[in-house]
Amino acid sequence: MTLTRTLAWLGTGALLLTVVLALAGMALHPGQGYGWASYFDAWLWQIVRFSVLQAGLSAGFSVVLALPFAWVLSQQPFRGQWLLAGFLNLAFVLPVLAVVLGIVVLFGRQGWWPLAGTIYGLPGILLAHVALNWPFAVRLLWERLNQVPPHHRRLANILGLTAFQRLHRIEWPILKAAMGPVFVLIALLCFSSFTVVLTLGGGPANTNLEVAVYQALKYDFDSRGAALYATLHGVMALGLMALLGRHRVGSMEMVAQPTRSVLQRATGVQCGAIIVLLLSLLAPYLALTQRALRSRWQWPEMLNEAVITSLGIAGFSALVAVLLALSRCVSADSARRRSVWLDFGVLVLPAMVLTTGLFLLCLRLGWARQATWPLIIWINALMAMPLILQPIKARIAAARNQYQRLTRVLGLSRWVALRVIYWPVLWPVLVWALALSAVLSLGDMGVAALIGQLDFVTLPLLIFRAMGSYQMGLAAQLMVALLVVCATLLGLAEWARGRGHA
């Protein structure tokens, strides 16, 4: 068996084993809990109803707000649009807790624009979800509109169609076809939201299934209830995934520079849309920075431990995520077709579902404390893998098509070809994938909050505890420090990407 085949089977086997062990953990959970009938009460249906309601409203608002911006940006290719696309990705990869804290600073009682009511509850959850997913929806729909065939636009210009006539005849059918998959994808992400709902829920009335799992394990130690909520969550997420189907809704790649015409200056309407987008993206972070600078700087006692823990987990999980992605890329075509659903990672079974099952299994075996680090690293790698898979796969396919015949002509062995020809082509995208995976791991709070012991602390957990004790200045300062680390890693990723395209 060749090395590539072994790597492929190991990666696929590890992913399948994770699902099997998580299901076994929920079936063999420790503790008896309450009678099964007692769980199917008004409280359960309220959780399910709120989970669906907030996910549907969040996705709907995000897509509706994204439509005009995506349409305006697609009207004419302009200079620097790749940079704007990069900014649109930031809200998706930066720590969720940063946006949540920024929303509180912006719209809280002492914020820049205080809401008439409270920020905690459904309004705050919707604001945070839209702030996170609206830029992502703009990028996906913009990318789809950029795929309009050039001859369609040339024909529209020849016929003298106005912008709104082009929208009706050419672009609306494309937008209409793309809206469904984008809506379902964002709804799936919001349905599996943990940090936003836990932080901004404001009480039991605004609890989704992920927070219910957390409360059952952490506060009540009701493993039967946690298993039930996680199972229900997984079944409903699989249903949403089935709606998403095989539609391709994009990856974390930048919007490609279109070849249909020379890049020009952005029009006045495009400049207005860009300004609104950038202000919306930067407002939470500007508010955080202002709040951090206004407060007296502090150095919490557990900060050093939190930084070391976060960086260690981020480094290991990034490495595992890249190895997993590589294993999926080198799988044989027939094997990949049979297990293509594994490429979606935690979108198939959400992270909280897998984490709950694996944690319950570790509790059953008495390994809960020893498994904290491995579980967090593995789940974080599973969350990052779907986002880095497509760019790595595309680079490998391009390198293979370009250099495979050359290696055969020169008679190079596999290792020599890898070192001399393929590695210089592949290393930039691998560095990018490592940096992006590390940023995603640094910002995660849900997995660590669920399975971490009382003495286990990461930077997001330290920030959450500061928010819980109403130390908003300290929370803002810690978040700014975390954002600086994330920005440094993202800068490294873009540097590597630039070297790859040079």
All pairs passing side-chain hydrogen bond (donor to acceptor under 3.5 Å, both in side chains) where residues 231-241 contributes a residue, at least two apart: Ser192-His233

Nearest non-hydrogen partners of Ala438 and Leu489, listed with the distance: CB-CD1, 3.9 Å

Heavy-atom closest contact (Leu141 atom, Val63 atom, distance): CD1-O, 4.4 Å

Qualifying residues under ring-ring contact (aromatic ring centres under 6.0 Å, His included), relative to Phe69, sequence neighbours excluded: Trp134

Test item: Ser441 side-chain N/O and Ser437 main-chain N/O as donor-acceptor pair under 3.5 Å: no

Spacing of Ile125 atom CD1 and Ile103 atom CD1 [to the nearest 0.5 Å]: 12.0 Å

Which residues share a side chain to side chain contact (heavy atoms under 4.5 Å, CB included) with Pro284, sequence neighbours left out: Leu106

Interatomic spacing from CZ in Arg79 to CG in Leu84 - rounded to 0.5 Å: 16.0 Å

Value rounded to 0.5 Å, distance of CZ in Arg291 from CH2 in Trp112: 11.5 Å

Spacing of CD1 belonging to Ile377 relative to CG belonging to Leu382, to within rounding of 0.5 Å: 12.0 Å

Rounded distance [0.5 Å steps], CD1 in Ile376 versus OG in Ser317: 10.0 Å

Among Leu483, Leu442, Asp444, the one residue meeting side chain to side chain contact (heavy atoms under 4.5 Å, CB included) with Pro95: Leu483

Contact list for residues 197-211, test side-chain hydrogen bond (donor to acceptor under 3.5 Å, both in side chains), sequence neighbours left out: none

Any side-chain heavy-atom pair of Val447 and Leu375 under 4.5 Å: no

Stepwise side chain to side chain contact (heavy atoms under 4.5 Å, CB included) test for Leu436 and Trp432: CA-CA 6 Å; Leu436 184 68; Trp432 171 83; 3.8 Å; yes

Leu175 backbone acceptor or donor facing Arg144 side chain under 3.5 Å: no

Heavy atoms of other groups near Phe316 CZ, more than 12 under 6.0 Å: no

Closest non-hydrogen atom pair, Val320 against Ala381: CG1-CB, 3.6 Å

Shortest non-hydrogen separation from Leu145 to Ser74 and the atoms involved: CD1-OG, 3.4 Å

Residue list, side chain to side chain donor-acceptor pair (under 3.5 Å) with Asn133, at least two apart or on another chain: none

Ile388 and Leu434: CA distance, side-chain angles, deciding distance, side chain to side chain contact (heavy atoms under 4.5 Å, CB included) verdict: CA-CA 9 Å; Ile388 65 175; Leu434 283 169; over 6 Å; no

Minimum heavy-atom distance Pro204-Gln46, with the two atoms named: O-NE2, 3.7 Å

Taking every non-hydrogen atom, the tightest pair across Trp142 and Ala70: N-CB, 3.6 Å

Residues 52-60, side-chain donor-acceptor partners within the protein, below 3.5 Å, at least two apart:
unit_1 : atom_1 : unit_2 : atom_2 : d
Gln54  : OE1    : His129 : ND1    : 3.2
Gln54  : NE2    : Ser51  : O      : 3.3
Gln54  : NE2    : Cys190 : O      : 3.0
Ser58  : OG     : Gln54  : O      : 2.6
Ser58  : OG     : His129 : ND1    : 3.1

Spatial distance of atom CZ (Phe194) from atom OG1 (Thr355) [nearest 0.5 Å]: 10.0 Å

